[in-house]
**Student:** 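One structure is given below, represented as C-alpha cells, and several questions about it will come after.
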Amino acid sequence: GNSVTQMEGPVTLSEEAFLTINCTYTATGYPSLFWYVQYPGEGLQLLLKATKADDKGSNKGFEATYRKETTSFHLEKGSVQVSDSAVYFCALRYRTGTASKLTFGTGTRLQVTL
Amino acid sequence: DGGITQSPKYLFRKEGQNVTLSCEQNLNHDAMYWYRQDPGQGLRLIYYSQIVNDFQKGDIAEGYSVSREKKESFPLTVTSAQKNPTAFYLCASSMGAGGEYEQYFGPGTRLTVT
C-alpha cells in the first residue's frame, strides 16, 4: 500500500537554526511527493512538490529532494524564522483508476523561538 | 478573489443530530474532496467527487454522506451513525482528479459533538 512516515514532533528551534524534518514513504509505482504547511486554525497550503526521482522542490527557503533510492523526501531550511512556526505535512499522490489521491503523514509541529 | 470557503469555522452539535458542513469554491474546479483531521494524525479522505452528480467513497466514508448537485458546492453531512464525529474537517478542490492537478484547501470547519 501507500503510506508516509514523518518524524515525531514537536520540533523546537531557535530563530536562524537549520531545520530538517524527515519524511519517508512506501508506494507502488512512482508517486509525486509534497510538503504542505498548516498555520494555526487554518487549512493546508502547498509548500513545495517534486514529481519524479531526483527532483528538488523549493519555496520560501524550504527545499526537499525526491530520493527514490532511500524513499525519502526530507524538508530542510537553512535559517528558520518565528513565522515558520506551523505544522508540516509530508504527502504522496498516487493514481487509482481515473483519480489521484493524497496520502498524508501525521504532521510535524515546528516551534521557532527568538 | 478565487478560493474555497468553508462555513462555519466552528460548529457545535448534540450527539444524535445530523449536521451538514458547507464547502463552496469559485475556482471552476471539477474535483472536490473532504478530509478529516484528528490530533496527531494526518488527513484522511472521506469522500471525493470528480464531476457534478458523481462522487466516490474515500478511506473513511462510514457515517458520512455527500452530494454534488452543483460544480461549486460539495456539502458533507455528518450523520448520527458516525461514532467519533468531533474533528477538524477540510475541503479541497482541484482542476481535475487526475494526477497532474494540485489540490487547494479551504480553511476548515472544527466540529464538536457533545
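Labels below follow one simple rule: chain letters A, B, ... track the order of the sequence lines, proteins then strands, and each chain is numbered from 1. Computed over heavy atoms, backbone and side chain alike; hydrogens, waters and symmetry mates excluded. The structure displayed is predicted, hence computed values, not measured ones.
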**Student:** Checking A:Q38 against chain B: side chain, backbone, both or neither under 4.5 Å from a heavy atom?
**Tutor:** side chain
**Student:** Mind ranking B:G40, B:S94, B:G108 by heavy-atom pairs under 4.5 Å with chain A and telling me who comes out on top?
**Tutor:** B:G40
**Student:** Please lay out, stage by stage, how B:E102 and A:K49 fare under the test side chain to side chain contact (heavy atoms under 4.5 Å, CB included).
**Tutor:** CA-CA 10 Å; B:E102 308 305 331; A:K49 68 176 182 179; 2.4 Å; yes
**Student:** Side chains of A:F104 and B:Q37: closer than 4.5 Å at any heavy-atom pair?
**Tutor:** no
**Student:** Taking the side chain from A:K101 and the backbone from B:G58, do they hold a donor-acceptor pair closer than 3.5 Å?
**Tutor:** no
**Student:** Between B:V19 and B:V66, is there a shared hydrophobic cluster once you connect ILVMFWY residues whose side-chain heavy atoms come closer than 4.5 Å?
**Tutor:** yes
**Student:** Count the heavy atoms belonging to other residues, nucleotides or ligands that lie under 6.0 Å from OH of A:Y30, then report whether that count exceeds 12.
**Tutor:**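 Counting other residues, nucleotides and ligands, OH of A:Y30 stays at 12 neighbours or fewer.
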**Student:** Are more than 12 heavy atoms from other residues, nucleotides or ligands located less than 6.0 Å from atom NZ of B:K9?
**Tutor:** yes
**Student:** Hey, quick one: are B:Y48 and B:L76 part of the same hydrophobic cluster, counting side-chain heavy atoms closer than 4.5 Å, chains of contacts allowed?
**Tutor:**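 No, no single cluster joins them.
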**Student:** Name the region of A:L46, side chain, backbone, both or neither, that has any atom closer than 4.5 Å to a heavy atom of chain B.
**Tutor:**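 It is the side chain, since no backbone atom gets that close.
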**Student:** Non-hydrogen atoms of chain A under 4.5 Å away: do they reach the side chain of B:L43, the backbone, both or neither?
**Tutor:** both
**Student:** Would a 4.5 Å heavy-atom cut-off, applied to side chains only, mark A:L102 and B:Y33 as touching?
**Tutor:** no
**Student:** Please tell me whether B:L11 and B:W34 are part of a single hydrophobic cluster in this structure, the criterion being side-chain heavy atoms less than 4.5 Å apart.
**Tutor:** yes
**Student:** Do side-chain atoms of B:R110 reach the backbone of A:G41 as a donor and acceptor pair under 3.5 angstrom?
**Tutor:** no
**Student:** Can you confirm whether more than 12 heavy atoms, excluding those of B:R44, are under 6.0 Å from its CZ atom?
**Tutor:**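 Atom CZ in B:R44 is crowded, with more than 12 foreign heavy atoms closer than 6.0 Å.
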**Student:** In terms of heavy-atom proximity below 4.5 Å to chain A, should B:Y104 be classed as side chain, backbone, both, or neither?
**Tutor:** neither
**Student:** Measure B:Q50 against the heavy atoms of chain A and call it side chain, backbone, both or neither at under 4.5 Å.
**Tutor:**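 The answer is the side chain of B:Q50.
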**Student:** Linking I/L/V/M/F/W/Y whenever any side-chain heavy atoms sit under 4.5 Å apart, do B:Y47 and B:M32 land together?
**Tutor:**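 Yes; B:M32 is reachable from B:Y47 via cluster members.
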**Student:** Following the transitive rule for hydrophobic clusters with a side-chain heavy-atom cut-off under 4.5 Å over Ile, Leu, Val, Met, Phe, Trp and Tyr, establish whether A:Y25 and A:L48 coincide in one cluster.
**Tutor:** yes
